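Written below as structure tokens is the structure these notes are about.
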Amino acid sequence: MALRFYNTLTQELQDFRPLEDGKVRMYTCGPTVYNFVHIGNFRTFTFQDILRRWLQYRGYHLNHVMNVTDVDDKIIANAAREQKSLEEYTSVYTKAFFEDAATLRLQQPEHVAPATKHIPAMIDSIERLVAKGYTYTNDGSTYYRISAFPDYGKLSHNDFSGIRSGARVDMDEYDKADARDFVLWKARKGNEPFWETPFGEGRPGWHIECSAMAMSYLGETLDIHAGGVDLIFPHHENEIAQSEAITGKPFARFWLHAEHLHIESQKMSKSLGNFYTLRDLLGMGFHPESIRYLLASVPYRKKLNFTFEGLKMAAKSIERLRDFELRLTSTRLPPGRGEAIAARSQEAIRSFEEGMDNDLNTAEALAAIFEYVRAMNSEINEGRFKEENRWDAARVLEIFDLIFDVLKPSDIALTAQVNGKGESVSLTDAEVESYIEERSAAKKSRDFARADEIRAQLQERGITLEDTKDGVRWKRK
RNA sequence: GGCGCGGUAGCCAAGUGGUAAGGCAGAGGUCUGCAAAACCUUUAUUCGGCGGUUCGAUCCCGCCCCGCGCCUCCA
């Protein structure tokens with residue numbers, strides 16, 4: 001089956017083909033940098049990362065643009081309060097965002113586009129809308145008249161035909177001619193930051209940045225536009241209204257939207273005290289891979305209930321895969337290559353691909369991997385898994401990790417072993433090895449008490465020992 | 001009120017018109033000096049409720065109940 005996505009625009013699953021063979025033009029809505037972004041935001045960004053990786057795995061050359069909203073009401077207000085320039089204020093959170101993204105192993109888009117660096121493109125877009133008669137001004141601000149765009153509502157599937165501005169609305173009494181109209185350019189107020197334009201001093205409305213930047217980087221029609229469900233209306237609806245009014249062409253062919261994340265079954269909110277940033281969670285001792293796994297393992301169109309129990313489960317799931325990976329390299333195997341196992345490995349890859357092709361059904365894809373791991377563990381126990389099958393299995397894990405990217409422990413995980421007093425209790429590999437030698441000697445002389453004592457001490461310091469037929473194996477927790 | 005999403009085992013979560021993937025947790029067993037890891041067995045006669053269509057529905061239709069989102073800034 002071909003790669004297919006659920007398209008919000010058509011409300012159905014559609015086979016994905018880009019406009020141009022082999023190339024995908026993708027635009028995603030990035031962060032508004034007025035604060036540290038929270039874990040719910042990262043659910044969406046993780047979805048976008050999985051999408052990126054899968055498109056690349058499927059052989060597409062990606063051109064992905066992500067905007068950074070670095071000018072809006074909140075930013076201006078916060079910056080003013082801290083008596084900082086916009087730039088000073090937003091650079092802190094922009095930097096933090098990309099650090100967090102890297103911690104979660106999110107790939108960098110090909111282009112990151114801060115709004116304030118693209119004002120001329122926005123001005124150009126607005127001028128074109130003005131020329132085509134889609135706008136009106138009021139108090140120095142320029143508005144988009146949605147009644148001029150008959151398709152308005154096609155993305156969110158709302159019917160606005162009944163609430164068009166009519167005789168009842170007196171324009172003199174309202175900022176906007178129609179409640180649904182939105183601002184393209186906001187008139188300068190007081191000491192707020194502003195830019196000079198043919199239609200007055202001011203700053204851009206929120207929606208215009210995405211239309212202008214998307215089209216200037218990617219052309220008039222995008223293959224994919226993605227974001228969180230809350231952006232469907234009005235943000236994405238307005239982007240369509242702006243862009244298609246300018247070009248007369250479809251703005252984006254596939255609209256993909258990630259569902260929201262809840263915390264312990266509740267909406268995340270500051271008043272409930274369940275508002276977490278990535279940094280909060282890392283501070284509680286959770287590993288980035290666990291967070292990434294949890295965010296990625298629930299298919300993106302399903303609400304994700306983020307719980308601490310879920311994070312622990314994620315960590316255990318990763319551990320199971322890592323144990324299998326370790327077993328592949330540390331077990332002595334009979335020579336040769338089991339053909340049935342080679343074939344089973346191919347089958348696992350096919351199932352994994354099928355799950356991912358199915359609108360990025362990560363739960364289905366994961367099931368393929370776990371079923372495979374169980375089967376292979378069995379084959380190893382039975383002696384049918386041969387020396388050269390290592391490469392077959394390694395390939396399966398490699399493909400899995402190309403997308404999920406959770407097998408390699410984070411540096412943080414390696415170094416952040418601290419005891420209750422906050423002191424580092426990490427051991428070097430050499431130290432661990434020497435303890436293992438001491439324990440082996442104790443075992444040889446049947447001093448099991450001493451051997452168990454060493455094992456327990458290592459366990460306390462995050463080192464787990466496993467006695468196997470092929471010697472002692474150890475891993476860090 | 002309008003538009004939309006969802007309710008599957010203790011938790012997370014796939015799925016199909018023909019009778020329920022996977023992960024975590026639990027129970028029993030094999031292996032082990034003991035553990036750990038791994039494997040085996042086991043854990044929903046049942047998929048929110050009630051009707052309907054059908055030879056047959058968790059999956060299709062209708063109604064109802066519950067949870068949630070958007071309709072104003074929001075991933």
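Sequence lines set the chain letters: A, B, ... in the order given, protein chains first and strands last, and positions in each chain run from 1. Bear in mind that the values here come from a model prediction, so they are computed numbers and not experimental data.
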In whole Å, measure the gap between the C1' atoms of B:U16 and B:C11 for me. 24 Å
Students often get this wrong, so: under 4.0 angstrom with heavy atoms, is A:Ala258 touching a base, only sugar-phosphate, or nothing? nothing
Can you list everything that forms a salt bridge (charged side-chain N to carboxylate O under 4.0 Å, His left out) with A:Asp452? Sequence neighbours excluded, please. A:Arg455
A:Asn358 side chain N/O closer than 4.0 Å to the phosphate oxygens (OP1, OP2) of B:G15? yes
At less than 4.0 Å, is any side-chain N or O atom of A:Asn305 found next to OP1 or OP2 of B:C12? Yes or no. yes
So what does A:Leu326 hit on the nucleic acid, given a heavy-atom distance under 4.0 Å: a base, only sugar-phosphate, or nothing? nothing
Ignoring hydrogens and geometry beyond distance, is a side-chain donor-acceptor pair present between A:Thr468 and A:Arg327 at under 3.5 Å? no
Under 4.0 Å, heavy atoms only, any strand: does A:Asp72 hit a base, just the sugar-phosphate, or nothing? nothing
Please report the distance separating the P of B:U19 from the corresponding atom of B:U32, rounded so that it comes out in whole Å. 41 Å
Should B:A38 form a Watson-Crick or G-U wobble pair with both distances under 3.5 Å, which nucleotide is its partner? B:U30
Inter-nucleotide C1' distance (B:A25, B:A9), Å rounded: 12 Å
May I ask you to establish whether A:Arg180 and A:Tyr152 are in a cation-pi arrangement, using a distance under 6.0 Å from NZ or CZ to the six-membered ring centre and at most 45° from the ring axis? no
Report, one pair per line, the protein and nucleotides 35-37 of chain B atoms (nitrogen or oxygen only) whose separation is under 3.5 Å.
unit_1, atom_1, unit_2, atom_2, d
B:A35, N6, A:Asp467, O, 3.1
B:A35, N1, A:Asp467, N, 3.0
B:A35, N3, A:Arg455, NH1, 2.8
B:A36, N1, A:Asp467, O, 3.4
B:A37, O4', A:Glu466, OE2, 3.4
B:A37, O2', A:Arg473, NH2, 3.4

At under 4.0 Å between heavy atoms, what does A:Pro31 touch on the DNA or RNA strands: base, sugar-phosphate, or nothing? nothing
With rounding to whole Å, what would you report as the distance between B:U72 and B:C64 at their P atoms? 27 Å
What contact category does A:His157 fall into here, base, sugar-phosphate, or nothing, at under 4.0 angstrom with non-hydrogen atoms? sugar-phosphate
At under 4.0 Å between heavy atoms, what does A:His38 touch on the DNA or RNA strands: base, sugar-phosphate, or nothing? base
Has A:Ser434 got a side-chain atom pairing as donor or acceptor with A:Glu431's backbone, closer than 3.5 angstrom? yes
Base, sugar-phosphate alone, or nothing: which one does A:Gln11 contact when heavy atoms must sit under 4.0 Å apart? sugar-phosphate
Would you mind listing every ring-ring contact (aromatic ring centres under 6.0 Å, His included) that reaches into residues 296-315 of chain A, with sequence neighbours excluded? A:Phe47-A:Tyr300, A:Tyr276-A:Phe308, A:Phe286-A:Phe308
Quick one: look up who B:C59 pairs with, Watson-Crick or G-U, both distances under 3.5 Å, and put none if it's unpaired. none
Look at the side-chain N and O atoms of A:Asn377 and state whether any lies under 4.0 Å from the OP1 or OP2 oxygen of B:C39. yes
Interatomic distance at C1', B:U42 relative to B:U54, whole Å: 35 Å
If only side-chain N and O atoms count, and only distance matters, is there a donor-acceptor pair under 3.5 Å linking A:Ser265 with A:Asn305? yes
Any strand counts, and the cut-off is 3.5 Å on both contacts for Watson-Crick or G-U wobble. Which nucleotide pairs with B:U16? none
Counting only side-chain heavy atoms from C-beta out, which of B:G67, B:A75, B:C24 sits nearest to A:Ser317? B:C24
Tell me the partner of B:C68, counting only Watson-Crick (N1-N3 plus N6-O4 or O6-N4) or G-U wobble (N1-O2 and O6-N3) with both under 3.5 Å; none if nothing fits. B:G4
Do A:Arg374 and A:Asn377 get their side chains close enough for a donor-acceptor pair, meaning under 3.5 Å? no
Keeping the roles fixed (side chain from A:Thr8, backbone from A:Trp255), state whether a donor-acceptor pair exists under 3.5 Å. yes
Compare the aromatic ring of A:His260 with the six-membered base ring of B:G69 and state whether they stack according to the 5.5 Å and 30° rule. no
Spacing of the C1' atoms in B:U58 and B:A13 (rounded, Å): 15 Å
Does the side-chain ring of A:Phe448 sit on the six-membered ring of the B:G33 base, less than 5.5 Å centre to centre and under 30° in tilt? yes
Taking B:C24 as the reference, what is the distance to B:C47 when you measure between their P atoms (whole Å, please)? 26 Å
Once you apply a heavy-atom cut-off of 4.0 Å, does A:Val37 come out as touching a base, just sugar-phosphate, or nothing? nothing
Rounding to an integer number of angstrom, what distance separates B:U43 and B:A27 when you compare their P atoms? 16 Å
Base, sugar-phosphate, or nothing for A:Lys267, non-hydrogen atoms under 4.0 angstrom? sugar-phosphate
Closest listed nucleotide, where the reference is the side chain of A:Pro234 and the choices are B:C40, B:C73, B:C3: B:C73
